[in-house]
Every structure is written in C-alpha cells, then in structure tokens.
Number of protein chains: 2
Amino acid sequence: MNASQRREGLIALLRSDRNPTMGDLALELGVSVRTVRRDVAALRLRGMDIEGERGRGGGIRFARFAPLPPLYLEEHEAVGLWLSVQLSHLVSGIPFSRGSQTAVNKVLASLPEQRRRNLRRLAERIIVAGTASENIRASMGETVPTLLSAFERCFSEGRCLGFDYQDRKGARTRRRIEPHGIFVDVPVWYIVALDLDKDAIRMFRMDRISNPRALRQGFEPSQEVLETFLAETDAPASRRLSGG
Amino acid sequence: MNASQRREGLIALLRSDRNPTMGDLALELGVSVRTVRRDVAALRLRGMDIEGERGRGGGIRFARFAPLPPLYLEEHEAVGLWLSVQLSHLVSGIPFSRGSQTAVNKVLASLPEQRRRNLRRLAERIIVAGTASENIRASMGETVPTLLSAFERCFSEGRCLGFDYQDRKGARTRRRIEPHGIFVDVPVWYIVALDLDKDAIRMFRMDRISNPRALRQGFEPSQEVLETFLAETDAPASRRLSGG
DNA sequence: CATTAATAGGTCAGTTCTTGGCCTATTTGG
DNA sequence: CCAAATAGGCCAAGAACTGACCTATTAATG
C-alpha cells in the first residue's frame, strides 16, 4: 500500500471512528506512529480541518461541524478568476504564482459539469497575448465606465453590441457588432468581432469605444471568428484555458 | 511538488480540459511524459475511468462522470490565487476583473476557519504597491529559479533564509535574514526582512539574490517589521486581504 | 501507403522521497 | 508528579519515483 492509498484509508477511518489516537490509526493502517503523524500533517497541509486533542484521553478527529458554505461562483466570477491568474502569469517569477495556476485549476474542476462546459467555451474566446509596447501604453486612453458591464453581458450571453467608435485617424462611426472574442495585450484589450454592417471581422480597442449599449439581437458565439482573426494577423502565442 | 499533489493537479486538469494529450499534461505539470503516463496508470488503478484515444488527434479524458472533487487548496495555492487577483487589479478596466475579486472572496470564505486565519496572516505580510517605473523595469534581471520555492517555504513556514546578495554597487555579501514581508512593485518584488547579522530591517530585490537556501533556524513572522518598514519608507497605498 | 502523432508500457540507473526509530517539547488528566 | 497523548525535529536505510530510451500499436493525413 502506498502513501496516497493509505491516506485515503486514514480519511475513511477518521470519518468512521469517533476519536482515535495516532497509535490506534498506526495499528489499523499497519505503519508506525511516526508515519501516521506525518500523514495527518500532510492532510492538514492539503486543507483538511483535523483537530488534535493533547494529553491523556486525547486523539484526533475531523473538526466538529464545519459546514462549509458550498462554493457557488457565477460565470463572470469564474471567468474573472481564471483571467486574473492568466494575466498575473504574464509576470513570471512572483512568489506563489505557480500555486495560483494549480489553484484555479482545482477551483474550476470543482464546479459542476454544466458550468464547467460554459466556462470553457467562454475562456476559449479570450486570448491573453502579452504586454503592450511602450508606444501603445502611452497612447492608451480611458475606458468608458459603462463599457465593461455592457460588454461582459453581451460577450457571455451572446448578444450584439452597439457603440460609437473612433478610429486611428479620429473618424467617428456608429457600429453594430457580434462580440466573439477578447484579445488582451496588457493593459489594453480589444474586442474581436463581426462587424454587422461591413460583414467583416474587425478588432476594436476598448479605449476608442463610447456609448456602448446591448442590442436586442442575439448571435451564436463562435470560436471560428477568433481563429480566423488570429490566423490572419499572425498573432503571438496565446493562453487558453488550462493551456499553460 | 510530490506525486500525490501532482495527481490531484492531473485530475483537476482532466476535469477542466477537453481532451489533452499526455504531452500537454506533462508540460502543464512540469514532469516528463513518461511520468504523466505512470500517473494516469495509477489513477486508473485507483478506479478512475480515464479513456485514451490513440493516434493522431488523440488524447485522454474521463470516460463518464468523475465525481465532484472536494475543493482542497493548499496554503500556497490560496495565497497565490489571492495575490493573482490583487495583481490583476493593478490593471483596471479589463473585462470580468470585478468578478474576480468577489470570486476570490468566495473561495477563501469556503476554506476552514483555521486555514482562513493563517491565510489572512500571510496576506497581511504581502504588500502590492503598484507598477514599477520604466527605469526599474529596464534594470531588472533574472530571478534565480531556486529562489521561489525556497523563499515561499521560508516565508510561510517562518524559517530563516540565507543567500548571497549583490547590492546596487555590485558588492556581494552573504546574508541571513528573517523574511517578514513581500513588497511587490510589478514586475519586481522585494523581501522585507530582518537582517540577522546587521540586526536591522532591510529590503532585498529578488533579482539580486543568488544561492538561496532555507536555514534551520525559525522565526516568528511579525507584521510589525513590515509596518515599521512601510512607515519609514513612506510607501504608497497597499492592498490587503479583505473580508476573509 | 508512407508518415506522423498519439496511446501504451517495458527496462534501468540515478536520485529523491518515505519510513521508522529516536529524540525533545508541550499539554492534559489523574 | 506521572502517564498518555499531540506535535514535530533529525537521521540513516530502504523503497519508490523519475527521466531517458526503447518497442509496439493505432489512427488520421496527405
């Protein structure tokens, strides 16, 4: 029996037995007390709330009544968490950053199947490209405060988005788009979209958008639009859900 | 990371990713393909229904319903998650970033009481200051790969840390410190510490550290050291762990 | 139909990790 | 004060893991 099997057995024993001593468990599991002690320490490190009572008559047990609130994340929260971790990984070499990747994987894995599927579909439409050049940084303007909520809603619910757009030359035009993807080049981001009027795939920089509004019209989010766009623009390496 | 931790990570990945290849998983987990193969074999032995598809375009996946795993985050994972969200908030106005804050609060709230307390104590010792100037960015060097794991361990377990340090003028000295705090100025970070030999509070930049090693000697992590340091240096506004 | 990309798994040497024994410190009940 | 229990440091011997290299097999692609 290897360590991980034995630890599963230990958990089972802790569930059934009321208040065993380390000695009891050692006998039961056929290993030394020192090893049981180490196993318990390992389970505690893994986050299990096992309490020990010292002194004569003592023992260990799962902490009484720890009715943990079930983890319910809304879609935008789960996506936000995932995106935060991806973004922070652009800055490598910060303490605990490796842990954040495994953590977000665990969190996402602990969500119910249906939600996980939706999430994957959403995340596949988000490309974290890298960090913007000084030029772009310097030229970056403010984001209209109403854009975020309108865009988040349209992007995840599959609704078309309307806004006024100011292009590089300063010309303003009114647009109606299907927002299929997000392209992030920290701290700038772009909407990769099908322009309904021009019937062509276009990229819209967030700080050039004004008067955003969710439209009635829905659309079928498609990764294809994003793929096509990426293929055309010869984009750099990207981060996908649990993909590095 | 040991084998059982890695296998947990593997399960999480298999639940999140659609149909990864052994190669994908190996990259993600930082081990060889052969080891992933062995891990998958071990999980199958443990009764998990993981099916593999051979040939080009193949991969592996859970065959049917894999039971919902309980969410167990290790300390470094929880801290990493929290820190990632704090860091990503330095870049405001990215879609879904507001959701990430409430998400991380929910996740932390779902951890057992004991762990939440530890976590809060750890997070209180981390200061996310802001973004470094171009000057600092340009002068930034590489981080020694072994520093992260040694430092993470010493920082969270309350162990002293030893290393060689090269100061601004290029002089190299050997140091022994109590790492009380982390000061992050993206993408640079500093250890705020008590220098044991000089008996004074000092800040050490991560890219000037070499030959890090965990020392036997322990210490009592104290927020006071960090506070003192911050008061002395007139540091900018900081982010702390909220709500948890 | 050859090539390529994938799963699957055998073998072996080197290394790392686990284990048990022994130890100290601390807490608790009698 | 003593006995029993948790808690955990340290160390040597041994077990298990890991990566490299290998073969076999399967499936898609051109």
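In what follows, chains are A, B, ... by sequence order, proteins preceding strands, each numbered from 1.
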Indicate whether any N or O donor in one side chain lies under 3.5 Å from an N or O acceptor in the other, for R115(B) and Y72(B). no
* Residue pair R38(B) / R34(B), side-chain heavy-atom distance below 4.5 Å -> yes
Atom CD of E157(B) and atom P of dG9(D) are separated, to the nearest Å, by 8 Å
Hits for ring pair (Phe, Tyr, Trp, His ring centres under 6.0 Å) against F219(A), two or more places apart or cross-chain, chain-then-number order -> H180(A)
Atom CE of M22(B) and atom C1' of dA27(D) are separated, to the nearest Å, by 16 Å
In the 5' to 3' direction, the nucleotides of DNA chain C bounding the stretch that comes under 4.0 Å of a heavy atom in chain B are dT4(C) to dT18(C)
Heavy atoms of S110(A) and L71(A) approach each other most closely as OG-CD2, 4.2 Å
Looking only at heavy atoms, the pair that brings L29(A) and G9(A) closest together is CD2-C, 4.3 Å
Quiz prompt | Main-chain N/O of S16(B) paired to R120(A) side chain as donor or acceptor, under 3.5 Å | solution = yes
Atom CZ of R61(A) and atom C1' of dA5(D) are separated, to the nearest Å, by 13 Å
Looking only at heavy atoms, the pair that brings L226(B) and G181(B) closest together is CD1-CA, 4.0 Å
Sequence neighbours excluded, the answer for ring pair (Phe, Tyr, Trp, His ring centres under 6.0 Å) partners of F204(B) is F163(B), Y165(B)
With sugar-phosphate taken as primed atoms, P, OP1 and OP2 and all else as base, the protein-contact string of nucleotides 15-25 of chain D at under 4.0 Å (heavy atoms; B, S, -) is ---BBBB---B
### Query
So what does G59(A) touch, heavy atoms closer than 4.0 Å: a base, only the sugar-phosphate, or nothing?
sugar-phosphate
Closest non-hydrogen atoms of D185(A) and A129(A), given as atom of the first, atom of the second and distance, are OD1-CB, 4.4 Å
Angle separating the five-pair end axes of the helix from dC1(C)-dG30(D) to dG30(C)-dC1(D), nearest 10°, is 40°
F155(A) meets the ring pair (Phe, Tyr, Trp, His ring centres under 6.0 Å) criterion, sequence neighbours left out, with F151(A)
